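So you know, we letter chains A, B, ... as the sequences are listed, proteins then strands, and number each from 1. These figures come from a predicted structure and were not determined experimentally.
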Protein chains: 4
Amino acid sequence: MTQLVTRPARRARSDQAILAATRELLEQHGVRGLTIEGVAERSGVAKTTIYRRYRDRDELALAVLIEDTESFRTPPDLGDTRKELLAFVKEATEIILRGSVIQGIASEVATNPELGQAYRERIIDVRLAEVGEIVARAIERGDLRPDTDVRVAHELLIGPLMYRLIFSGRPLNRRHAAQVVDAVMAAYAPAPAATKKRR
Amino acid sequence: MTQLVTRPARRARSDQAILAATRELLEQHGVRGLTIEGVAERSGVAKTTIYRRYRDRDELALAVLIEDTESFRTPPDLGDTRKELLAFVKEATEIILRGSVIQGIASEVATNPELGQAYRERIIDVRLAEVGEIVARAIERGDLRPDTDVRVAHELLIGPLMYRLIFSGRPLNRRHAAQVVDAVMAAYAPAPAATKKRR
Amino acid sequence: MTQLVTRPARRARSDQAILAATRELLEQHGVRGLTIEGVAERSGVAKTTIYRRYRDRDELALAVLIEDTESFRTPPDLGDTRKELLAFVKEATEIILRGSVIQGIASEVATNPELGQAYRERIIDVRLAEVGEIVARAIERGDLRPDTDVRVAHELLIGPLMYRLIFSGRPLNRRHAAQVVDAVMAAYAPAPAATKKRR
Amino acid sequence: MTQLVTRPARRARSDQAILAATRELLEQHGVRGLTIEGVAERSGVAKTTIYRRYRDRDELALAVLIEDTESFRTPPDLGDTRKELLAFVKEATEIILRGSVIQGIASEVATNPELGQAYRERIIDVRLAEVGEIVARAIERGDLRPDTDVRVAHELLIGPLMYRLIFSGRPLNRRHAAQVVDAVMAAYAPAPAATKKRR
DNA sequence: GACTAAGCGAGACGGTACGTCGCGTCTTAAA
DNA sequence: TTTAAGACGCGACGTACCGTCTCGCTTAGTC
């Protein structure tokens with residue numbers, strides 16, 4: 001126990017070098033250009049050392065993605081549901097685009113059960129919790145229906161992003177984010193009785 | 001030109017053998033287990049012959065997917081927008097699940113521009129047209145707002161499917177399809193003033 | 001059938017390049033410096049191609065040794081048993097020293113059954129036949145006893161060579177060859193006429 | 001020097017553990033299965049500690065061999081040259097077969113000068129002295145010629161053993177030992193009385 | 001019905017990267 | 001001071017497929 005805790009120096013140096021090199025390669029050559037051998041060469045870290053940490057290339061790429069996700073800033077109570085949802089989508093978009101990792105590991109995440117589980121636990125669950133908080137506040141404010149399904153709402157927010165990113169290739173921008181957010185808000189808007197009052 | 005026209009016999013036999021073997025491998029071992037060498041061995045077709053038709057493995061996988069998509073049955077006018085949208089989602093789900101090809105080539109489609117273009121032209125555009133027709137009829141019926149954005153509606157319908165398929169790993173079933181369809185219909189429901197009159 | 005026979009061109013070119021590079025490496029850096037990767041680089045032949053022919057480094061080294069052995073010139077009937085045995089020992093010595101391969105694969109030959117079998121069939125048996133002919137002629141001439149054990153004679157001739165080569169490190173020269181040959185001739189000398197008297 | 005003298009306790013414990021584990025691995029998996037890492041694991045001794053004592057794997061293997069050789073029992077004056085030579089060959093055979101180390105380090109001894117020197121000083125010279133004594137007594141008894149070359153006699157006795165062990169794979173047994181001993185005795189037999197007549 | 005070029009099978013080949021093994025060095029904490 | 005523990009850089013291993021390249025055989029459609 002003491003050893004792992006008290007002697008992180010070498011580990012930390014290698015860890016950092018590996019992730020930095022991985023990021024560089026991802027940004028410069030995309031996921032196709034991400035190679036363990038390439039990371040080893042660029043980072044000055046031995047291939048063996050990389051394999052001691054990550055089972056394979058996909059796990060390494062996921063690690064970068066997770067690190068990014070951990071920087072996800074919880075959108076605070078802005079007093080405005082639409083603003084909060086927009087902030088959420090923008091933050092997600094930013095992380096998704098950074099490094100362009102997701103496109104590359106999508107197939108792996110979908111195919112490799114262990115990787116999929118890691119993705120779910122380390123990334124999806126984090127975002128789901130965010131949406132949960134936003135939705136809870138929105139319900140309290142009367143902006144969304146009390147029976148709003150958080151998971152489906154989350155899918156409606158993120159699914160289109162991913163679809164554009166991976167399949168349709170269309171751009172992820174403010175306009176699209178607004179369109180999606182508006183659709184979700186309309187979809188889960190409270191019953192019309194309340195609407196009457198508003199208009 | 002003359003070649004393809006005048007000597008279709010042998011070509012056709014090889015074509016068929018290649019696609020059949022590809023399908024088998026995809027179903028049995030997933031996309032990771034799809035290799036040109038494997039297809040050659042299983043189909044009894046020479047590697048050279050495969051490469052004469054498909055630039056690489058991903059193009060081959062896409063070919064299978066396109067073939068499936070071409071069987072997409074246009075949902076006819078059912079007189080009921082919700083039923084038509086459900087039929088669309090179900091049909092899409094079926095194709096998506098068949099062969100489990102999409103998960104495997106997602107990363108390629110996202111990464112390889114030529115493949116991406118092919119995917120868009122041969123698959124997305126086909127479905128987009130379907131949604132367009134359904135939405136047009138729905139607008140006519142007064143079920144959806146006249147300014148409904150077909151592309152975004154399409155993303156809201158398909159995006160969650162893909163998200164489940166690739167990332168969250170949750171099941172694609174009737175209940176989920178209904179949730180998504182209902183959300184889209186609510187999102188693009190005509191302005192409430194009109195609603196009062198109708199009901 | 002026709003194919004294998006009529007299309008040896010590429011094979012032959014690779015074969016030759018591989019063996020040439022192997023020989024160079026053996027002569028320059030000894031067996032320790034013999035690496036499949038090194039051979040690949042030096043020969044311009046892909047590693048894969050080498051592995052298609054030789055299971056591993058030792059098999060490759062043995063191939064060189066076998067090629068050398070196949071050039072073994074059968075010492076003709078010189079009319080003189082001592083001269084013939086000396087010619088045999090000299091020839092063997094020359095091949096043994098050429099390339100210094102034997103020292104390096106000795107352990108493998110001793111340890112790996114398949115390699116050992118190959119060594120016996122392709123190398124030992126060849127030499128054993130030589131000794132057999134020489135001994136046969138010697139017996140006819142009355143230079144060696146009719147019951148001379150060819151195999152033991154062979155061991156007495158070659159064993160000391162190998163012992164010097166591998167263990168004692170002493171030089172293999174004409175003097176030593178003569179000492180060994182003389183010992184063998186004395187050991188299997190026919191009973192002198194005097195023997196009659198003794199018994 | 002002081003170290004070895006003043007703190008022998010821990011050293012000795014490690015020494016013993018290392019050699020024991022080495023022996024086990026050699027016997028169970030042959031020389032190919034002898035690795036420093038394996039010895040460390042099996043012995044509970046740190047790799048570092050092994051490297052403090054032995055430069056590399058071969059030196060370690062040699063250490064085991066030397067230990068065995070040091071148990072070589074000098075064949076006493078049996079009053080019979082043939083019996084003494086047979087005893088010598090049998091003793092050598094026994095040590096050679098024990099642990100099957102020699103086959104594995106043969107290539108190293110032949111290739112690595114330092115190892116070769118150690119082998120000569122610690123093993124060959126010991127046996128050479130044995131043969132020297134036996135030959136000396138034999139000459140005195142009139143069983144061997146006074147000009148018998150001890151070194152060559154030694155090579156004729158041991159060379160065939162090694163040749164069988166490493167190359168021909170034939171068995172080392174009493175019959176073979178007798179054949180070799182008889183050959184050596186015949187080779188260096190004193191000129192018979194009859195010889196006078198011949199010359 | 002024989003001819004002839006397109007299409008094909010077979011598979012050798014150079015190449016990239018894989019993931020693994022064991023080496024020998026180095027650093028650190030505990031004994 | 002010596003040790004156990006183990007991280008590390010390193011070199012090579014043997015493997016899997018890649019995509020390219022001959023090379024003859026097969027055969028469909030023409031003459």
Can you give me the closest heavy-atom contact between [X] and [Y], atom names plus distance?
| X | Y | result |
| --- | --- | --- |
| C:R122 | C:T69 | O-CG2, 4.1 Å |
| C:I166 | D:A106 | CG2-O, 3.6 Å |
| A:K47 | A:I36 | CG-CG2, 3.8 Å |

N/O (side chain, [X]) to phosphate O (OP1/OP2, [N]) under 4.0 Å:
| X | N | value |
| --- | --- | --- |
| D:R53 | F:dT3 | yes |
| A:T49 | F:dG9 | yes |
| A:S14 | F:dC8 | yes |

Measure from the side chain of [X], starting at C-beta and using heavy atoms only, and say which of [options] lies closest.
| X | options | result |
| --- | --- | --- |
| B:R11 | E:dG24, F:dC18, E:dC8 | E:dC8 |
| A:V45 | F:dG9, E:dG9, E:dC26 | F:dG9 |
| C:E37 | F:dA4, E:dG22, F:dC13 | F:dC13 |
| C:T48 | E:dT16, E:dA10, F:dG14 | E:dT16 |
| D:R57 | E:dC23, F:dG19, E:dC18 | E:dC23 |

**OP:** Name the residue closer to the 5' end of DNA chain F, choosing between A:D15 and B:G38 according to the nucleotide with the nearest heavy atom.
**Re:** A:D15
Original post:
On DNA chain F, nearest-nucleotide positions of B:Y51 versus C:Y51: which is more 5'?
Top reply: C:Y51
Can you check the [X] [atom1] to [N] [atom2] distance for me, whole Å?
| X | N | atom1 | atom2 | answer |
| --- | --- | --- | --- | --- |
| B:I36 | E:dG11 | CD1 | P | 18 Å |
| C:R55 | F:dC13 | CZ | P | 16 Å |
| C:E108 | F:dC13 | CD | P | 13 Å |
| C:R13 | F:dT22 | CZ | P | 10 Å |
| B:D56 | F:dT20 | CG | P | 10 Å |
| A:R32 | E:dT16 | CZ | P | 16 Å |
| B:E41 | E:dG9 | CD | C1' | 14 Å |
| C:I50 | E:dG15 | CD1 | P | 12 Å |

Original post:
Does the base of E:dG19 carry an N or O that pairs as donor and acceptor with the side chain of A:K47 under 3.5 Å?
Top reply: yes
I'd like a table of donor-acceptor pairs (distance under 3.5 Å, sequence neighbours excluded) in which one partner is a side-chain atom from residues 17-25 of chain D, with atom names and distances.
residue	atom	partner	partner atom	Å
D:T22	OG1	D:I18	O	2.7
D:R23	NH1	D:D68	OD1	2.9
D:R23	NH2	D:E67	OE1	2.1
D:E24	OE1	D:R42	NE	2.6
D:E24	OE1	D:R42	NH2	3.4

Original post:
ring pair (Phe, Tyr, Trp, His ring centres under 6.0 Å) with B:F167: which residues, sequence neighbours excluded?
Top reply: A:Y119, B:Y163
Original post:
Under 4.0 angstrom, heavy atoms only, what part of the nucleic acid is C:G44 near: base, sugar-phosphate, or nothing?
Top reply: sugar-phosphate
Subject >> Sugar-phosphate, base or nothing in reach of A:R52, heavy atoms under 4.0 Å >> reply: base
Subject >> Side-chain ion pair, D:R32 and C:E108, N-O less than 4.0 Å >> reply: yes
